[in-house]
Amino acid sequence: MYQVMVVDDEPMAASLIVNIIKRKYSDFEIMGTAYDGEEALELMEEKGEPDVLITDIQMPVMNGLKLVEETKKRYPEAVSYTHLTLPTN
């Protein structure tokens, strides 16, 4: 089973992604949800590295690009990184 972390500063977007994964992908387990990059790194320290990191790019505190950069440094064995950018209109 792949451990997935979802990071998005929009709670509704994070919830939607989590629900889609739970309904459609039986091999994926949500290990946690965070609302900015720093919170995600703290969650990784607590629970371990994810196999898949799904992150928004535009977030306060630490954006998704910086999060991926930091995650690669700390956990180079993480399997996959996915960036999300959704229109705000």
Side-chain angles (χ1 to χ4, degrees):
M1 181 141 327
Y2 294 103
Q3 297 297 306
V4 179
M5 180 178 290
V6 176
V7 187
D8 196 312
D9 62 320
E10 298 287 336
M12 289 191 73
S15 179
L16 176 65
I17 293 164
V18 166
N19 286 331
I20 290 169
I21 291 169
K22 285 181 177 179
R23 279 187 278 136
K24 300 281 185 178
Y25 302 98
S26 60
D27 289 345
F28 288 15
E29 179 177 68
I30 303 298
M31 66 172 284
T33 302
Y35 301 103
D36 65 58
E38 283 188 8
E39 184 180 350
L41 290 174
E42 289 172 9
L43 191 58
M44 286 180 216
E45 287 177 16
E46 187 180 307
K47 294 188 172 188
E49 78 274 5
D51 297 310
V52 179
L53 175 62
I54 300 173
T55 181
D56 187 12
I57 293 176
Q58 296 290 332
M59 295 185 294
V61 185
M62 179 187 293
N63 69 39
L65 298 175
K66 182 68 175 170
L67 171 59
V68 168
E69 181 181 317
E70 286 298 316
T71 303
K72 283 181 179 180
K73 285 180 191 174
R74 296 179 190 196
Y75 308 102
E77 59 279 352
V79 172
S80 179
Y81 304 95
T82 302
H83 297 284
L84 301 174
T85 302
L86 302 174
T88 56
N89 321 18

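The structure presented is a predicted model; accordingly, all values stated were derived computationally and were not measured.
- Scanning all heavy atoms of the two residues, the minimum distance from Glu70 to Leu41 falls at CB-CD1, 4.0 Å.
- Lys24 meets the salt bridge (charged side-chain N to carboxylate O under 4.0 Å, His left out) test with no other residue; sequence neighbours excluded.
- The CD1 atom of Ile30 sits 4.0 Å away from the CD1 atom of Ile21 when rounded to the nearest 0.5 Å.
- The hydrophobic clustering, which links ILVMFWY residues whose side-chain heavy atoms are closer than 4.5 Å, places Val61 and Leu43 apart.
- Closest approach of Gly64 and Thr55 over heavy atoms only: CA-OG1, 3.6 Å.
- Counting heavy atoms from C-beta outward, Met12 and Leu16 have side chains that stay 4.5 Å or more apart.
- Of all heavy-atom pairs spanning Val7 and Gly37, the tightest one is CG1-N, 4.4 Å.
- Among residue pairs with one or both ends in residues 25-45, those qualifying as side-chain hydrogen bond (donor to acceptor under 3.5 Å, both in side chains) are Gln3-Glu29, Glu45-Arg74; sequence neighbours excluded.
- Lys47 places no side-chain N or O within donor-acceptor distance of the main-chain N or O of Gly32, the cut-off being under 3.5 Å.
- With sequence neighbours excluded, the residues forming a salt bridge (charged side-chain N to carboxylate O under 4.0 Å, His left out) with Glu69 are Lys66, Lys73, listed by chain and number.
- Although no hydrogens or angles enter the test, the distance criterion places a donor-acceptor pair under 3.5 Å between the side chain of Thr71 and the main chain of Leu67.
- Enclosure of atom CE in Met1 by more than 12 non-hydrogen atoms of other residues, nucleotides or ligands within 6.0 angstrom is indicated.
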